[in-house]
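Before any comments, here is the structure.
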Amino acid sequence: MEVILFYISAFIALFTTVFALTRTNAAHALIYLIISLLAVAVIFFLLGAPFAAALEVVIYAGAIMVLFVFVIMMLNLGEAGVERERQRLNPKIWILPAILSGVLLIELLLVISKLEAPATGTLIGAKQVGLTLFGPYVLAVEIASMLLLAGLVGAYHVGRRFRLRATDDDATEAPLTTEISTEIQKEVSQ
Amino acid sequence: MSDGMTVLFALGVMAAAVGGAAVLTWFERRLLGVWQDRYGPNRLGPFGILQVAADMIKLLTKHDWVPPFADRVVFIFAPTAIVVAMLMGFAVIPFGPDLHIIDVNIGLLFFLGMTSLAVYSVLLGGLASNNKYALLGGLRSAAQMVSYEVFMGLSLMGVVMLSGSFSLQDIVAAQRDMWFCIPQFLGLFVFLIAGIAESHRLPFDLPEAEHELTAGFHTEYGGMKFAMFMLGEYLGLILISAMIVTLFFGGWLGPWLPPIVWFGIKTFFVICFFILLRAAIPRPRYDQLMSLGWKVMLPITLINLVATGAIALWMHDGGAMT
């Protein structure tokens, strides 16, 4: 039963990932990527990692991909974007990535053929993940938190109110985002 | 429960949730009428309850139209996502001591995952409509829901700390001595507000604010597709109410009456409270909503988290953690 479910979700994951790469419409590609992430979440669950599966849905599919869709909406590319993607995705550019992934696939097959037993399905609960993260891997957690803090400070810097000209009173308090949004509005109205 | 019984029970829960959501459309209007000193829909049948049937016939017989400029497939897919995600959320709710569809050890995370997937419905609906109002509504909802999801999840971590589990049955069982609404009142406050924002209901219905965006993300939707959005919204309301009851008001716990009746009564009162909020509070401006979230809600949640952690450590000497 679990093996069948595994193969179904693995097939969906591969299928949707290929589609996510080859779609010319950015919004459609993102929807395929979201479905791919959900399929990976099901695989995590079947392999005995329910906590990782839940985080995959909550964080990747539920938050990060929402921001991706958000950006696509802000840019509002439409037909012009599809056309540009189509020109970029001509068959020639697939050659090098195909060779590289082929090499990786051969390596993977070699590694799998050396493996004696398949991965055992031991259940890893949320508690064990937490104890491991804040036990032996606490340094990695701290480094990740520093990275996030740097990102936060960077975002604050980009989004802060800044002074354009000392003489122009109206513009002094204008946040950078207003400029961006007016530019987007111009693009939308065109 | 055997497998067959579980499937039957799941179907029953689905039917009850969808039926409840349909009746809620009428009940909400009547209740708003009472609070605003007017009648509300009272013509069809006893107390006007047949209004639900009339609305349904109207929506079902409407022309099912897809605008020619819309992204057809995504446009049709978008309204189904919210209904599916919200119905999935009901799977982990404990209705009684042994009355649940699934009791997984990640129940709470499953609920959070499903509510966060419901965002896509609004987002993709706004994007696929290819309409400025819809696009702005979708953009607002994305920002609003992603922001409020952050403290929605964090506000529940106090409950998890006190009960020591993500399983909703364990969380209910941990409230035998005291409902979590007392030690976790800050968590309850934040979760309540985040819940309204997450189900984008009044007063936080900025994604569809009709005075500025006509109808926001569902401007182009009509007939059954519009009905799906409404169904999803009311399902979300019931789901959030059921979660508040489960997490903060002892779930099915209660004397004398059978557990499922207690669960129903408590959920009913929380739904009424949500409708009262809608009747009483005006809609804030969009930037007010966002700054309320990040400048008030997030600090409250973090204080609650740290305080709960400290008290849990002090009381149990780490008992709940290990």
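A, B, ... follow the sequence lines: proteins, then strands. Residue 1 opens every chain. Quantities reported herein were computed from a predicted structural model and do not represent experimental measurements. Every heavy atom of this structure was used, including side-chain atoms; hydrogens, water molecules and symmetry mates were not.
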Could you tell me which portion of A:L30 (side chain, backbone, both or neither) has an atom closer than 4.5 angstrom to a non-hydrogen atom of chain B? neither
Out of A:V58, A:L55, A:L67, A:V66, which one racks up the most heavy-atom pairs below 4.5 Å with chain B? A:V66
Looking only at heavy atoms, what is the nearest atom pair of A:F45 and B:I106, with distance? CE1-CD1, 4.0 Å
Taking side chain as everything from C-beta outward and backbone as N, CA, C, O, which of these in B:A143 sits under 4.5 Å from a heavy atom of chain A? Side chain, backbone, both or neither. both
Please determine whether the number of non-hydrogen atoms from other residues, nucleotides or ligands lying under 6.0 Å from atom CG of A:L148 exceeds 12. yes
Tell me, out of B:V73, B:L109, B:L123, who's got the most heavy-atom pairs with chain A below 4.5 Å. B:L123
Would you compute the distance between atom CZ of B:F77 and atom CD1 of A:I31 and round it to the nearest 0.5 angstrom? 6.5 Å
Report yes if the side chains of B:V119 and A:V69 come closer than 4.5 Å at any heavy-atom pair, otherwise no. no
Does atom CE (B:M88) have a neighbourhood of more than 12 heavy atoms from anything else shown, all under 6.0 Å? no
Please flag which part of A:I34 lies under 4.5 Å from any non-hydrogen atom of chain B: side chain, backbone, both or neither. side chain
Among A:A41, A:G130, A:A63, A:A61, which residue forms the greatest number of heavy-atom pairs with chain B at distances under 4.5 Å? A:A61
Might you point out which heavy atoms bring B:L139 and A:F70 nearest each other, and give the distance in Å? O-CE1, 3.3 Å
Let me see the working for B:L112 and A:V57 under side chain to side chain contact (heavy atoms under 4.5 Å, CB included), right down to the final yes or no. CA-CA 9 Å; B:L112 289 174; A:V57 175; over 6 Å; no
What pair of heavy atoms forms the shortest contact from B:S116 to A:G62, and how long is it? OG-CA, 3.7 Å
